[in-house]
Amino acid sequence: MLQIQNNFPLKDLNTFHFDVYASSYIKTNSTEDLRTWITETKPDINRLLVLGGGSNILFTKDYPGIIFHPSFDDITILEKKNDEVLIEAGAGKTWDEFVEYCVENSHYGVENLSLIPGTVGAAPVQNIGAYGSEAKDVISKVNGIFLDTGKEFSLENRECNFGYRNSIFKNELKNRILITSVVFRLSTKENYNLKYGHLEERVKEFGDINLRNVRQAVTAIRSAKLPDPDKTGNAGSFFKNPEIPASLFRDLQTKYPDMPGYDLNNGTFKVPAGWLIDKAGWKGKTVGNAGVHRDQSLVLTNTGNATGRDILSLAASIENDIKNKFGITLEKEVIVI
Ligand code: EPU
């Protein structure tokens, strides 16, 4: 199936809920039909964008090209061997439904990534991560199709160049491919990752340590701190956590002894951007309908009818202030269109 619609509203397809339109919108769950369409149409790849759940994107204007929305959503067990299972999930499957499926079926490895908005296909693009786990730890392969030639590809984990909120799909392959499915390698043997913060204690509040309770604890932590995008438009963390030279980190710690930092053991420290923005006094502030979330300063919100430009302008003020106060340049995590 391949559905094409023109002048398509994106308000429900971006979690900031900006009222923008795409010149064309193509929804597909067939690699075959997509390949035929590509070879017949020979589209201009500079005017193509793939949109999953729209949970990491900021539209500043209407999109003057074609937006693809993959709707492949099958889950298939490819292989069960020793203590591992290989599962292929369609790119259009809602990420949290995939996590629920894994928890339900006692497949270990994605439970810490519960409640992250978006789709399976978006998970490798920015290598989603939370509470000490990252998608790259469990991804075996990423399958997709080139949007210029219609050729299919299958990339092994090591070929995806995964980094912190980064991958080949945000760089060399940006806007050139559409991911159709992701193959995950999960454990069928009990195996938890509870080292992050107070996660283990939070799990125990729900009872024994098991997959269901880890999922519940992570869901509770996220729900308490992060605004529900269906109620208040947002795209999760707006900025990446910056990595700064150890010398700068030590200077800042003398001035701010409570400043958190994670030693990356390569001469740099990763510091929470949320802490910097909070310390600079932005927490809970609003400028018009653009706001800094009251419980987690790393999240910028659309509290009413803000536009992408309103949010960007608030982000620019924050970036300048953080540069002036701490000498640190913040980098956006969201993709700006
Ligand atoms: N902090 C503050 N004030 C704030 C926010 C945070 O002081 O307003 C402090 C916290 O007290 C804590 C530290 O900063 O000491 C870290 O905060 P938190 O555990 O909330 O995590 P984070 O570094 O702010 C990252 C990810 C989140 C992920 C959490 C949990 C990035 C950019 N963000 O946030 O990912 O859920 O860790 O693992 O790496 C996302 O990418 O959209 C996202 C939500």
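Order of appearance sets the numbers: ligands from 1, and atoms from 1 within every ligand.
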Report the part of Lys279 in contact with ligand 1, treating N, CA, C, O as backbone and CB onward as side chain, heavy atoms under 4.0 Å; options are side chain, backbone, both, neither.
-> neither
Nearest heavy-atom pair of Asn289 and Asn305: which atoms, and what distance?
-> ND2-N, 3.3 Å
Any non-hydrogen atom of His293 lying under 4.0 Å from ligand 1?
-> no
Should Glu205 and Arg202 count as an ion pair when the cut-off is N to O under 4.0 Å?
-> yes
Go through the side-chain N and O atoms of Thr307 and Asp310 and say whether any donor and acceptor fall under 3.5 Å apart.
-> yes
Is Tyr196 in polar range of ligand 1, meaning some N or O pair under 3.5 Å apart?
-> yes
Does Lys279 make a cation-pi contact with Tyr256 (under 6.0 Å, within 45 degrees of the axis)?
-> no
Consider ligand 1: state whether an atom of it lies below 4.0 angstrom from any non-hydrogen atom of Gln126.
-> no
Note: Tyr164, heavy atoms under 4.0 Å from ligand 1, region reported as side chain
Any chain of hydrophobic side-chain contacts (each under 4.5 Å) joining Leu226 to Ile221?
-> no
Relative to the heavy atoms of Arg165, which atoms of ligand 1 are at a distance of less than 4.0 Å?
-> 26 (C), 27 (C), 31 (C), 33 (N), 35 (O), 39 (O), 40 (C), 41 (O), 43 (C)
Tyr131-ligand 1 polar pair, N/O distance under 3.5 Å = yes
